There are 2 protein chains.
Amino acid sequence: MPEKVTIATVARHARVSRQTVSNVLNAPHIVRQETRQRVEDAINALGYRANQAARQMRTGRSRLIAARIEPTRDGINGSVLDRFLHGLTETADAAGYRVLLYTAPDDDREIATYGDLLGTYELDAFVLVGTKYGDPRTEWLADRDVPFVTFGRPWDALDAHPWVDVDGAAGTAQATRRLLDAGHRRIAFIGWPAGSGVGDDRRAGWHDTLLAADVDPTGLHRETEDGIAEGERLMRDLLVAAAPTAVVCASDSLALGALQAVRGTEPPVSVIGFDDTPVAAAVGLTSVSQPLGEAAARCVDLLTGVLDGNHESPPPVLLQPSLALRHTA
Amino acid sequence: MPEKVTIATVARHARVSRQTVSNVLNAPHIVRQETRQRVEDAINALGYRANQAARQMRTGRSRLIAARIEPTRDGINGSVLDRFLHGLTETADAAGYRVLLYTAPDDDREIATYGDLLGTYELDAFVLVGTKYGDPRTEWLADRDVPFVTFGRPWDALDAHPWVDVDGAAGTAQATRRLLDAGHRRIAFIGWPAGSGVGDDRRAGWHDTLLAADVDPTGLHRETEDGIAEGERLMRDLLVAAAPTAVVCASDSLALGALQAVRGTEPPVSVIGFDDTPVAAAVGLTSVSQPLGEAAARCVDLLTGVLDGNHESPPPVLLQPSLALRHTA
DNA sequence: TCCAGAAACTTGAACGATCCAATCCTGCCT
DNA sequence: AGGCAGGATTGGATCGTTCAAGTTTCTGGA
């Protein structure tokens, strides 16, 4: 069987010292071109790969990034995370990092997992998806100087940390504007209970756009937990109470429910959802689309910046969503 | 700042040698009860966690399992992988392993990634999702004695390896039987082109069930690539050519298309999909449901069996799907 | 009481890379 | 000839753990 290839094997093969091989790998510029070439040839010929465990032991860095995979809640919005994770894996890969998964049922257990991952695997950084007011997780990480990025802005601006987010208000504003342009005036909004950063933001986009167009939003707004059944219920309510001709929703789940409630109305009530999930594509629902691949890439950018010793805190990134037009609006 | 807690710190604190601490962790039975207790107390008091990199260096095992996250193809079926991954992470966690993600655009690049992951991270095992005839990946891994499991049976039984799968034929059979019980006789099937193991299997369940009930399946069968538009097209064709009263589909995407094609028919044509994706739940589509969490758990079981030196090849696992009843059948 | 043998524990070495400091070439410039 | 600098070598130490071999302590039986 083939003997294990270490840095010593390469050194022998290229007739240089271990140190020089190490230099070729970690500080190529201090090695003469000719020597470097010889070493690189040896590396390729032998199929050498630096042993990460040994490297990590000396340097204390694992080139591992942790991301949480959620317990498949709704299943519809789960696909957002799914797409984000894929993008993350791809970009991290290109930057020389790998993504490690973890799960946790609640914040406390999640924080306990941080400790575990940091202690046993010496993770380099965390990517948190979704943030809320007074998030204990970001606080814990920040207290310990653990590098991390959040996909989702910090809603209470106590302590700044690197983040990437998609401008939800701009998304609902875009949706609302499209409906206005199509001649609608009674445009409703179905969203989540006030107090969630994301939800408030998305509602504001709708609200402010109507005001800017001199349309009164009073009575055209409903709140509920996320879910298809909820969306349907509230839409029926709206139809009776406010007779809207169009509705913007805070999620595709809600929009899907709304869609069921307006089936058969004449003229058809326009519906726009949020997140552009596969479900939306399937049923032809117009929806606000988040640039998830881009978001993941920017997360990795921010992280590598911090990890490569860039001490000035990087500017946050706010990406613009687009409208995926289908036949419901 | 707090000094790093190593096995030596614990040893000093518990007044024993490093090796004894190591024994408490890896072979508790050879340490006297009293001593063990003292060491465990010290571990808890200091918050010690074994450094994985150092351990790996000595033992050559990383306690890392790799799984591939796919490039979000259809997006609908992507959620199957998503749920599987979540289950995998959870069960692996319980067994002391963690899941590392990777991506690859094609088989060749995927195999190259295997080499990289094995070389630099010394991964313990791979979990492959989906298998096909003559899969080069399983061959590569088997040739090198790399432990792996597949979620999906090996369709050409050349070389046996541990696998877990869901009995697709049983799923479509169950769906077909339900339709028969409901009085249907002209039950169609929309599936994938012959030659894919999974597709052939699912078709066989429908086909054999009809034969067993003395119903002639001739002319009631169509094949196509996966997709909503495709499903709709073929269903329209079937309606004209064969006048079915019900249809079983090889995927939810196809079923969703079929559903659009039969909208408005009287009496309504029953439709059953496959995979019980969120989309199916959303639109009320009856669908065959795979026990993905269970499948993931069994994958981990098989792997830990192999990794813990169990040399006899473990028996494959074939799980039974169930029918998620909704209002389309 | 003594000894064999097991049980319990301890001590050096090794895993593969990086870091560090001292040293040695070799060629170039003054 | 002497000084200098870039490039490469050398040897040793280090990271935290486990392995292999060694030493001490305990136990029971003659």
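This structure is a prediction, so every number in the text was calculated from the model and none was measured. All chains are named by letter (A, B, ...) in the order of the sequence lines, taking the proteins before the strands, and each is independently numbered beginning at 1.
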Visitor: Walk me through it: do R49(A) and D116(B) pass the test salt bridge (Lys or Arg N to Asp or Glu O under 4.0 Å)?
Guide: CA-CA 7 Å; R49(A) 301 180 203 253; D116(B) 192 28; 3.5 Å; yes

Visitor: Using a strict cut-off of less than 4.0 Å between a Lys/Arg side-chain nitrogen and an Asp/Glu carboxylate oxygen, indicate whether D165(A) and R298(A) qualify as a salt bridge.
Guide: no

Visitor: Can you measure from CG (L123(B)) to OG1 (T113(B)) and round to the nearest 0.5 angstrom?
Guide: 11.5 Å

Visitor: I need the W155(B) CH2 to T138(B) OG1 distance, nearest 0.5 Å.
Guide: 13.5 Å

Visitor: Once side-chain contact (heavy atoms from CB on, under 4.5 Å) is applied, do any residues pair with T59(A), and if so which ones, sequence neighbours excluded?
Guide: R55(A), R61(A)

Visitor: To the nearest 0.5 Å, what is the distance between OG on S62(B) and CG on L118(B)?
Guide: 9.0 Å

Visitor: To the nearest 0.5 Å, how far apart are OH in Y48(B) and CD in E40(B)?
Guide: 13.0 Å

Visitor: Which parts of residues 38-51 of chain B get close to DNA chain D, meaning a heavy atom less than 4.0 angstrom away?
Guide: Y48(B), R49(B), A50(B), N51(B)

Visitor: What are the atom names and distances for every N/O pair under 3.5 Å that joins the protein to nucleotides 27-29 of chain C?
Guide:
none

Visitor: What integer distance in Å separates R61(B):CZ from dC15(C):C1'?
Guide: 16 Å

Visitor: Summarise protein proximity over nucleotides 4-10 of chain C in one line of letters, 5' to 3': B for base, S for sugar-phosphate only, - for none, counting protein heavy atoms closer than 4.0 Å.
Guide: ----SSB

Visitor: If you measure from the Lys or Arg side-chain nitrogens to the Asp or Glu carboxylate oxygens, is any gap between D107(B) and K132(B) under 4.0 Å?
Guide: yes

Visitor: Please say whether the positively charged group of R68(A), taken as NZ for Lys or CZ for Arg, lies over the ring of Y102(A), i.e. under 6.0 angstrom from the six-membered ring centre and within 45 degrees of the axis.
Guide: no

Visitor: In chain order, what residues pass the side-chain contact (heavy atoms from CB on, under 4.5 Å) check against D106(B), with sequence neighbours excluded?
Guide: D108(B), R109(B)

Visitor: Looking at every non-hydrogen atom in both residues, tell me the closest pair between V16(A) and R38(A) and how far apart they are.
Guide: CG1-NH2, 3.3 Å

Visitor: I'd like the 5' and 3' limits of the part of DNA chain D contacted by chain B, with heavy-atom contacts below 4.0 Å.
Guide: dG16(D) to dA20(D)

Visitor: With no hydrogens and no angle check, is any side-chain donor or acceptor of D124(B) less than 3.5 Å from a backbone partner on R63(B)?
Guide: yes

Visitor: OH of Y121(B) versus P of dC15(C): gap in Å, rounded?
Guide: 23 Å

Visitor: Measuring to OP1 and OP2 of dT18(C), would you say a side-chain N or O of R55(A) lies under 4.0 angstrom away?
Guide: yes

Visitor: Kindly say whether W140(A) contributes a backbone atom to a donor-acceptor pair with the side chain of R144(A) at under 3.5 angstrom?
Guide: yes

